[in-house]
Protein chains: 2
Amino acid sequence: MAHHDLQTVSHECGDCPIRHRAVCARCESDELQRLEQIKYYRSYQAGQTVIWSGDRMDFVASVVTGIATLTQTMEDGRRQMVGLLLPSDFVGRPGRPTAAYDVTATTDLVMCCFRKKPFEEMMTSTPHIAQRLLEMTLDELDAAREWMLLLGRKTAREKIASLLAIIARRDAHLKLKSAKGAIVFDLPLTREEMADYLGLTLETVSRQVSALKRDGVIELEGKRHIIVPDFDRLIEETGDDNDGGFLV
Amino acid sequence: MAHHDLQTVSHECGDCPIRHRAVCARCESDELQRLEQIKYYRSYQAGQTVIWSGDRMDFVASVVTGIATLTQTMEDGRRQMVGLLLPSDFVGRPGRPTAAYDVTATTDLVMCCFRKKPFEEMMTSTPHIAQRLLEMTLDELDAAREWMLLLGRKTAREKIASLLAIIARRDAHLKLKSAKGAIVFDLPLTREEMADYLGLTLETVSRQVSALKRDGVIELEGKRHIIVPDFDRLIEETGDDNDGGFLV
DNA sequence: CGTCGATTTGATGCGCGTCAACTTGAGTGG
DNA sequence: CCACTCAAGTTGACGCGCATCAAATCGACG
């Protein structure tokens, strides 16, 4: 399971798996042709660093397959994950020369990269790209604000339940299943990565996962395979009033 | 000091105080003329609610003068502020019918509102608006992520120092002073609002402000008037490595 | 001068962090 | 095939930082 076969990744935008969700979603075929000319694929193995905060970044990119994370680190080593990048999510900021966060591949990862300069030129010349990027950025801003509530006000147990609910919902979405009744999925994050996302320590994450298991909210097979027998029960544990959020 | 004189607010975009920073910053004069036709001003007194989360919202707006906040509330009453809106900041989301957060005026507030439908049409027809809005949204996303680090990983003392540094920096910016040496400003937030922003209780906020005063990092005149004798010293207390952030 | 919200300060408790030991499981090589 | 290794995860003991509950003080305004 070291690395995927790169040849299996389509190089044709037409049948790209993220065609209708990524930054290129609204492009017409002629616009896609222009994008094809400035794009290239890059692959990373699980655990690899894509780029370090502060480094020069001469591309922007879409996640095609796999999961990446954005992380901030304080000088004394405290870390906070500030973004979880799923397929179709956008990496990088037009108009900024350097990376603002550490970007890391938590699973094997394939990204569709665009050279920054030509991409920025396309943004001004073809509104479809800028429009879609604005929409995606507004969604990310909502997600970040939802996460601020979690970080500032939720208990450890609620944080864990919230994270599991988000991953479960995303997974159900990818599998085109409704997020009701029993759900089964694999955690794409280690306990430490979960801790960095939730503003906790890995020990607290481990304890709360065990507690949710003990209370029958979730079942575990191995360390990473999660079974949620009753999704509504999990939602109750998140502390949220409604059944959701917009974190996909 | 109950309310400002509305007549003093310019209704001409040309000499608007936020002309070069707001969503209209890049507009040419003909585009400004179109904006003039769909805009109107609204004023709120300190403490007033601008809109409740979930309510129908048929406008978007720019803060002209004063300060507003975005807040989320959980069913049991826990509150987390997710945005601090200063002059030139944008309120509302094109394409969404309802408000996602409670918006509150913490000082007397004047907003420049645009009817949503015509504004959305202008966004597609005049790229200058969409471009500027994208830029502003990306800045807000960075600010939100900076705040995630604060909420998830900083101590109470660091949180207070960070908030004071942000307000001091913004204030120096408005007064066109450099943020070095001694700085003087008024807190625009109550202790409770500071607590809601920082993910703390108001008692902890009060205690940490007192501690910073006792340690000579700040001086107080009354409850709200702050003197920072040495800005670099304050920065040291934030836990940040560099001297800043991009939170205005 | 009295009132009431805002703020401060004190006493106490608990949730989560810290430190440390142990368990699990996958990979490695003899 | 089975020790050996090592990263990932679990669990326990203990302490601290911040929340909670409570009371006092400040300050603006009638």
Side-chain angles (χ1 to χ4, degrees), chain A residues 1-2 45-48 74 76-80 104 106-107 150-164 186-215 218-226 237 239, chain B residues 1-2 45-47 74 76-80 106-107 150-164 186-215 218-226 237 239:
Chain A
M1 67 180 67
Q45 294 179 23
Q48 247 187 311
M74 295 171 68
D76 61 5
R78 282 175 282 176
R79 290 162 55 85
Q80 177 63 51
T104 310
T106 60
T107 66
L150 177 146
L151 291 172
R153 295 303 187 192
K154 288 192 177 180
T155 65
R157 185 182 175 97
E158 289 171 337
K159 286 179 176 180
I160 299 290
S162 299
L163 178 59
L164 294 178
D186 283 298
L187 276 177
L189 303 175
T190 65
R191 297 291 185 265
E192 185 173 18
E193 287 165 339
M194 293 173 67
D196 283 344
Y197 205 9
L198 299 172
L200 298 171
T201 60
L202 66 90
E203 294 95 329
T204 297
V205 170
S206 181
R207 269 186 259 271
Q208 296 296 337
V209 169
S210 298
L212 288 175
K213 176 184 172 188
R214 190 169 54 245
D215 297 343
I218 61 174
E219 295 162 24
L220 285 183
E221 281 177 7
K223 308 296 186 185
R224 300 291 196 92
H225 195 71
I226 306 273
E237 297 286 351
Chain B
M1 71 180 64
Q45 293 178 23
M74 295 171 68
D76 60 6
R78 282 176 282 178
R79 291 162 55 85
Q80 177 64 51
T106 60
T107 66
L150 178 146
L151 291 172
R153 294 304 187 191
K154 287 192 177 180
T155 65
R157 184 182 176 95
E158 289 169 339
K159 286 179 176 181
I160 300 289
S162 299
L163 179 58
L164 294 179
D186 284 297
L187 275 178
L189 303 175
T190 65
R191 298 290 186 265
E192 185 172 18
E193 287 165 340
M194 291 172 66
D196 284 344
Y197 204 9
L198 299 171
L200 298 170
T201 60
L202 64 91
E203 293 95 330
T204 296
V205 170
S206 180
R207 268 185 258 271
Q208 295 297 337
V209 169
S210 298
L212 288 175
K213 176 184 173 187
R214 190 169 55 245
D215 297 345
I218 61 174
E219 294 162 23
L220 284 184
E221 280 178 9
K223 309 297 186 186
R224 299 289 196 90
H225 194 72
I226 306 272
E237 297 287 351

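Per chain, numbering begins at 1; letters A, B, ... match sequence-line order.
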Looking at [Y], is its backbone amide N or carbonyl O close enough to the side chain of [X] to form a donor-acceptor pair, meaning the two atoms are under 3.5 Å apart?
{"X": "Arg153(B)", "Y": "Arg79(A)", "result": "yes"}
{"X": "Ser210(A)", "Y": "Ser206(A)", "result": "yes"}
{"X": "Gln80(B)", "Y": "Asp196(B)", "result": "yes"}

Touch check for [X], heavy atoms < 4.0 angstrom, all strands: base, sugar-phosphate only, or nothing?
{"X": "Gly199(B)", "answer": "sugar-phosphate"}
{"X": "Leu202(B)", "answer": "base"}
{"X": "Thr201(A)", "answer": "base"}

Are any non-hydrogen side-chain atoms of Leu202(B) and Thr190(B) less than 4.5 angstrom apart?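 Side-chain contact under 4.5 Å: no.
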Is any side-chain heavy atom of Leu212(B) less than 4.5 Å from a side-chain heavy atom of Arg157(B)?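 Touching, per the 4.5 Å side-chain cut-off.
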Just the rounded figure in Å: distance from [atom2] of [N] to [atom1] of [X].
{"X": "Glu203(B)", "N": "dT9(C)", "atom1": "CD", "atom2": "C1'", "value": "10 Å"}
{"X": "Leu187(A)", "N": "dG9(D)", "atom1": "CG", "atom2": "C1'", "value": "12 Å"}
{"X": "Leu198(B)", "N": "dA19(D)", "atom1": "CG", "atom2": "P", "value": "10 Å"}
{"X": "Arg157(B)", "N": "dG17(D)", "atom1": "CZ", "atom2": "C1'", "value": "14 Å"}
{"X": "Gln208(A)", "N": "dC16(C)", "atom1": "CD", "atom2": "P", "value": "6 Å"}
{"X": "Arg78(A)", "N": "dG17(D)", "atom1": "CZ", "atom2": "C1'", "value": "13 Å"}
{"X": "Ile160(A)", "N": "dG15(C)", "atom1": "CD1", "atom2": "P", "value": "16 Å"}
{"X": "Lys154(B)", "N": "dC16(C)", "atom1": "NZ", "atom2": "P", "value": "22 Å"}

Below the 4.0 Å mark, does dA6(C) have OP1 or OP2 next to a side-chain nitrogen or oxygen of Ser206(B)?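 Answer is no, no contact under 4.0 Å.
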Taking only side-chain N and O atoms of Thr155(B), does any of them lie within less than 4.0 angstrom of OP1 or OP2 on dG17(D)?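 No, because none of the side-chain N or O atoms of Thr155(B) sits under 4.0 Å from OP1 or OP2 of dG17(D).
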Assign each of Arg224(B) and Thr204(A) to its nearest nucleotide of DNA chain C by heavy atoms, then name whichever residue's nucleotide is nearer the 5' end.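 Whichever sits nearer the 5' end wins; that is Arg224(B).
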Can you say whether a donor on the side chain of [X] sits under 3.5 Å from an acceptor on the base of [N], or the other way round?
{"X": "Arg191(A)", "N": "dT11(D)", "value": "no"}
{"X": "Arg207(B)", "N": "dG10(C)", "value": "yes"}
{"X": "Arg214(B)", "N": "dT9(C)", "value": "no"}

